[in-house]
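Step one of this worksheet: look at the structure below.
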Amino acid sequence: MNRLLFLSASLALLLLAGCAPKVSHRELLEGISKEVITVLYQEAATQASQLAVSAEDYQNNPSPQNLATLGVKWKEAAIAWQRTEPFRLGPATDLWLSNKIGYQNIRPATVDANVAKIGTPAEVKLSAVGASGKGLFAMGYLLFQSGGSPKIPSAKGCRYLTLAGRDAAGLTQQLVEAWIPSGKDYSKTFIAGGQDSLNKMTNGIIESIERLKEKRIARLLGREAVWGDDTETPSKTDPAMILDGEILAAPLQGIDRLFQSEGKNGPSLLTVYIRQTGSSAEADFLAQLKHCILLTKALPTPLNSPTTRPVLEADYAEIKKLVGISKSSLISALGVTLTFNSNDGD
Amino acid sequence: MTGTKGLKKWGLELLAPVDAASLALFRILFGFLLFIIILRFFTHGWIDQLYIQPRFFFSFFGFTWIQSWPAWGMYLHFSCLGLLALGITFGCYYRVCTILFFLGLVYVELLDVTNYLNHYYLVGLICFLLIFLPAARSWSFDAKEKNLPVPFLAIWILRLQISLVYFYAGLGKLQSDWLFHAQPLRLWLSARSDLPWIGTWLQEPWLAYAISWSSAAYDLTIPFWLIWSRTRLWAFLLMIIFHSATAFLFPTIGMFPWLMIALTTLFFSPSWPRSILQKFSHKTKISPKATLAEFPIFKLPRISAFALFAYFSWQLLWPLRHHLYPGNNLWTEEGFRFSWNVMLMEKSGHTEFSLQRPGSVQRERTDVTSWLTPLQYRMMTTQPDLILQTARKIAQDEKLRSGEIVEVYAETWVSLNGRPPFSLVDPKVNLAAQKDSFLSKTWISPSP
């Protein structure tokens with residue numbers, strides 16, 4: 001009898017230990033999906049729709065005030081969109097929406113040709129225009145091609161801005177619909193994906209940081225290296241004209257959301273999850289991430305000015321450290337790359 | 001005097017004729033596993049991925065002269081290995097098959113360090129031993145006479161080899177990361193916490209500690225439990241549970257658990273397969289126990305005794321060589337390979353190389369991911385000797401391209417068993433000027 005009691009008590013203790021509050025894979029992915037990814041896409045959709053309204057307002061009333069508002073709205077939309085960059089999973093890439101909304105290497109000649117066709121029988125439908133001729137950065141090109149404050153677009157340019165704004169807003173809304181439960185509910189697939197989803201998301205985060213380092217900052221420094229198997233074609237536009245520190249820092253801010261506990265007290269789900277593994281990766285990564293956000297946001301404009309170079313160099317060095325931390329302790333803590341050979345391991 | 005008598009008795013027992021059935025069954029199982037291993041190279045596309053796609057191979061020290069076949073040659077090579085594995089399984093031209101399989105396997109393993117795996121090393125050693133062992137004396141196409149016995153020593157040689165693997169694997173676990181931080185198991189088990197039913201438990205630190213300690217105890221003692229007849233069956237069942245759990249929790253571990261299960265059958269009585277067959281079929285020609293007495297004690301030539309002594313001395317001492325190097329061998333990886341360091345670390349990292357031209361103070365970033373495969377890059381970035389080979393290759397290529405003798409530097413961030421990332425190699429050292437050798441590498445940064 002005593003033995004039976006002892007066994008039952010041990011089993012109960014074991015079960016209690018098993019039920020101790022922990023962040024499971026499911027909870028983590030559910031939290032990330034609902035509180036981070038969907039929210040970021042919703043913010044991007046809201047900003048894109050405000051941009052579309054603003055572009056229409058300006059087309060109807062091309063006043064300097066409306067132009068200034070349009071410039072501000074464009075930047076807010078670009079920042080909100082760039083914050084989603086680390087999370088371009090599932091529908092963003094499967095449906096080719098990501099490029100249609102915010103492809104950065106737009107072709108100015110294509111944009112100019114499309115603008116020229118406005119009001120003519122050859123006018124193109126935005127839904128038929130490729131990624132390099134539309135989207136937020138095509139709008140940015142029309143507004144900021146000479147850098148600084150927004151330039152006054154032609155009447156045709158105004159019309160194109162309105163069309164592009166509406167198109168971007170519609171596509172961003174499609175992305176939101178694809179993630180939310182009342183829509184296509186990709187979040188369900190994301191959550192069910194378990195470790196595989198965590199792998200994809202973490203790889204997306206690392207790719208986003210590396211892109212900032214190699215494709216944005218290094219390019220501004222004039223030393224863009226061949227980077228992995230990246231197939232991104234060289235940009236036709238000078239990023240210094242339309243980008244600034246705040247837009248560049250946006251993907252990092254998106255990543256930072258993973259570590260914010262959305263109004264709740266205490267650490268975020270990801271923080272708890274990483275700490276459970278006994279790793280200290282979260283603190284190191286977060287400290288470096290915040291440091292990089294501050295440095296990048298503070299980059300003076302124009303980004304290609306000779307005086308900006310030392311600051312860019314410093315920023316590049318710090319982002320390099322962030323890549324190092326991401327590809328070492330962060331992926332270890334998240335179990336993303338196990339030290340097994342892919343041809344069987346031990 | 002008693003000691004000498006005991007030794008002599010033990011020697012006679014080793015040379016006594018025993019039933020060849022367990023050795024034959026082992027040959028069949030092992031040959032079949034070899035065939036499956038080779039088959040997996042085809043079905044998973046590893047021949048292309050590991051031996052055809054790479055534009056550069058990392059060499060083992062002293063083996064830079066080994067070159068890969070062209071694509072068709074690699075496929076032919078692996079096809080031959082598959083046929084040879086079947087030859088071993090069926091005991092058809094057994095000796096020729098084991099020699100050729102051994103040579104063929106050593107060739108592919110020496111082609112690129114990044115493909116090194118402990119279990120391929122073990123397979124290589126077993127193949128080497130099988131060349132000399134009479135594993136085809138029973139249940140084979142080669143066997144001319146039925147039920148010829150084998151010396152007990154043949155089975156003990158394999159038992160000793162397996163015991164050494166387990167024992168050194170256990171010895172490697174006697175370090176603070178494994179025992180006092182339950183790493184890397186905490187990291188690895190957490191990554192499997194998406195499994196239904198047991199997932200939540202895998203996040204429990206106490207479970208990681210329990211598994212760490214019990215697996216260290218298991219590895220260190222299992223050979224003894226397997227040798228002792230009173231505990232053998234329980235030890236074997238425990239071993240099946242242990243290896244099945246490993247295969248379930250870490251699917252990428254591949255064939256290793258099944259290989260170890262097959263190898264461990266050798267610890268049972270030499271006639272166990274025949275006894276089991278006897279239970280199921282009364283027609284089976286049973287154990288030659290009665291006839292064993294008719295066979296004389298085998299003789300061990302002096303040269304064979306010396307070769308055995310030399311082989312096992314090497315097997316005993318080689319895994320301990322890391323003690324000759326300073327620092328934590330998990331970090332430096334000096335003396336790490338060929339030492340049965342199994343599943344001891346989770347190491348991830350990132351390395352950036354830059355080169356400096358003569359007379360210049362500027363360093364140019366050079367990207368190696370354009371000519372290393374993702375697997376090669378991942379393995380290189382955490383292993384100092386491979387970082388050195390990469391740096392030297394960059395310098396060689398630059399000399400060919402521009403004729404300049406450049407300096408090459410590496411910035412590394414490496415995390416070991418959940419620690420924060422540290423620099424693995426000294427970023428101020430020109431790696432292009434360093435030579436590889438068995439000597440300790442002074443440019444490896446101290447362990448965090």
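Each chain gets a letter, A, B and so on, in the order its sequence line appears, and its residues count up from 1.
- Proximity to chain A (any heavy atom under 4.5 Å) is restricted, for B:Q183, to the side chain, taken from C-beta onward.
- In terms of heavy-atom pairs under 4.5 Å with chain A, the best-connected choice from B:S193, B:S190, B:G418 is B:S193.
- Per-residue counts of heavy-atom pairs under 4.5 Å with chain B were compared for A:K320, A:K321, A:R26; the largest is that of A:K320.
- For A:S268, the side chain to side chain donor-acceptor pair (under 3.5 Å) criterion is met by A:T271, not counting sequence neighbours.
- The side chain to side chain donor-acceptor pair (under 3.5 Å) check on B:H243 picks up B:Y166, with sequence neighbours excluded.
- Ring orientation note: the planes of A:H25 and A:Y273 are nearly perpendicular, at an angle over 60° on the 30°/60° scale.
- For B:P420, the parts lying near chain A are the backbone and the side chain together; criterion is any non-hydrogen pair under 4.5 Å.
- Taking the six-membered ring for Trp and thresholds of 30 and 60 degrees, B:W331 and B:F422 have ring planes more than 60 degrees apart, a perpendicular arrangement.
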